[in-house]
Amino acid sequence: MSSIKQIPVITERKGNPLARVFDEFVRFCRSRSLFILHYCTGCGAIELPPAMTSRFDMERLGIQPMVSPRQADILLITGYVSIKTLKRVILTYEQMGSPKYVIGICSCTVNGGMYWQSYATAKKLDEYMPVDLYIAGCMPRPEAVLAGLQKLMDRIHSGEANSWEDYFRNYDYYLGNQQKLFGENWQTPTDIITEAKHYDLIDEGTFGKHTQLLEQHQKPLEALDMRLGHDLKEPTE
Amino acid sequence: MAPMELIIELLLMPLVAFVVGMMMVLMMRRIAAKLQRRIGPPFFQPLYDIVKLHSKQTQISHGLIHDIGIVMAMGGYIAAETLLPVPGMTGIAEKGGIITLLYLMMIPSLGLALGVGQCANPNGSIGIARALTAMLAYDIPLVIVIFGVAYAAGTTNLVDIIAVQQAGGFETWGAVQMPVLAIAGLIAMHASLGKQPFEIYIAPAEIATGPMVEMSGKYLGGLFVMQCFQLYTTSVLYVSLFLGGGTTWFDFLLKSFLVLAIPVSIAYLFPRYRTEDLLRLMWKWPVMLGLIGVAFVL
Ligand code: SF4
């Protein structure tokens, strides 16, 4: 999605100078404290341990690994995403708290890389979720990873890195691509449209024929049934 | 004491604890970095983390009990700070005494258990079950140690315990008078921090940070704040019991940071125990040492 409309507009609170100082401070803190969730899908993941440990030390930039999507700010996709993995990636992405950022490491996330002809991999990651930054290379060295992360930090500080809003604004597009891969019955446990209403991010692209399709078969979400014991039978419909 | 003065102290003491606690978190992360030959986080990193977490746009609450649980987790420690005398400020330490303090230090774990229960995440439930088991493990030696110190000083009032130790300079310090108890206390304190050899309930690689697994945004931020308080409370309690508190802010802070540095530097050299190993270890060595120490005191 690269029409002129999608260029992010920085909306600042005008008038109150204190509010602006506060916003600036919050943006600075956001850029200096990033928790990453590394979804190690492909071979590119092997470059992350050196980037985190003694040699390159991500922590001096305030970047820390975290283990659950709820806590994380950055979703790192390191390498090819097979179609089965992509489902999990999307579920993970939708559970993260905004503002959230996606980084695609490796050429495979950019255009399929050497898996271009594979029937089982998703080629372009940004067809399924908004990607903030790509770090190309097969595989990129830790220096490149750190340079990419620093670029993301700059973008967060200047307020440009709000592509997470794009997922709500153009949900129909992303959902359409997801449905193309996973079939028409695709539904995630997260209700994106309600969330978009909550954030006031409804746009023309939010609704469309794909979201209509979703609404037709969407099952309402139910709370998990918490029980003790060994009765692990699947519920019969 | 004039009521106005008391109110100011009650406000100031948690605030000081928070700032010092953030520096302790920083020290902990810097020590970890040094041991792993890294540079480590910048000076204001704990502050950045807390501000960032509180400014997240998505704040996922799992219900009322979840909210209350986090407030209890923080509030327990905030209340505990007012019972911990610092140089120049005693707050309500004289009225509360050490037994109240022990009770207040248990509230955060219970609050966390409540909050995590509502998240309905199996990892969280396992984590909290382990956290409560760990509490059972380290509380018994801790209570024995505190009993020994209180018996030796003849009072359960922390202000008096500190005064007794400060009376004769270095020789009357708890650590010099009761070295066996001090060692047992150090082990119990290490376990209560939940750091590495005893890190059974966070265990990121196994149960995905346990109690924190469903926390996001300000809820996780609250837990980060709680960690600051936890480090401060544990080390200041130890300093008050064994190292004669502090006469000036300088030696008070020096002692607290040094005391904390011991378990933290040990922590990052070890993997962790399993729950039953922790229980066995805690109920054997520190309890044994504690009982020997108490026998010396009696
Ligand atoms: S770009 Fe190369 S290194 Fe990265 S996932 Fe693809 S094949 Fe592996």
If I measure from the heavy atoms of chain A, does [X] come under 4.5 Å with its side chain, its backbone, both, or neither?
X: B:Glu214; answer: both
X: B:Ile50; answer: neither
X: B:Leu220; answer: side chain

For [X], is it the side chain, the backbone, both, or neither that has a heavy atom closer than 4.5 Å to a heavy atom of chain B?
X: A:Phe56; answer: neither
X: A:Thr53; answer: backbone
X: A:Gln95; answer: backbone
X: A:Met66; answer: side chain

The side chain to side chain contact (heavy atoms under 4.5 Å, CB included) partner of A:Trp164 among A:Asp132, A:Val102, A:Leu201 is A:Leu201

Give a yes or no on whether the ring-centroid distance for A:Tyr167 and A:Tyr93 is below 6.0 angstrom.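 Distance test on ring centres: under 6.0 Å, yes.
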
Which atom pair, heavy atoms only, marks the closest approach of A:Tyr101 to A:Met96? O-CE, 4.4 Å

Top contributor to chain A contacts, counting heavy-atom pairs under 4.5 Å, from B:Ser216, B:Pro42, B:Gly40: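 Most heavy-atom pairs under 4.5 Å with chain A: B:Gly40.
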
Quick one: of B:His54, B:Arg37, B:Gln57, who has the most non-hydrogen atom pairs under 4.5 Å with chain A?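 Ranked by heavy-atom pairs under 4.5 Å with chain A, first place is B:Gln57.
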
Is it true that the side chains of B:Gln45 and B:Asp49 contain a donor and an acceptor less than 3.5 Å apart?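 Note: B:Gln45 and B:Asp49 side chains meet the donor-acceptor criterion.
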
Please identify, among [options], the residue contributing the most non-hydrogen atom pairs under 4.5 Å to chain B.
options: A:Gly97, A:Ser68, A:Ser54; result: A:Ser54
options: A:Val67, A:Ile63, A:Asp57; result: A:Asp57
options: A:Lys100, A:His198, A:Arg55, A:Gln64; result: A:Gln64

Donor-acceptor pair, A:Thr85 side chain versus A:Val81 backbone, under 3.5 Å?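 No: the side chain of A:Thr85 does not pair with the backbone of A:Val81.
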
Aromatic rings B:Tyr48 and B:Phe44: how do their planes relate, parallel, tilted or perpendicular, breaks at 30° and 60°? tilted

Should B:Lys56 and A:Asp73 count as an ion pair when the cut-off is N to O under 4.0 Å? yes

Test log, rule side chain to side chain donor-acceptor pair (under 3.5 Å), inputs A:Glu195 and A:Thr190: CA-CA 8 Å; A:Glu195 232 179 289; A:Thr190 325; 5.6 Å; no

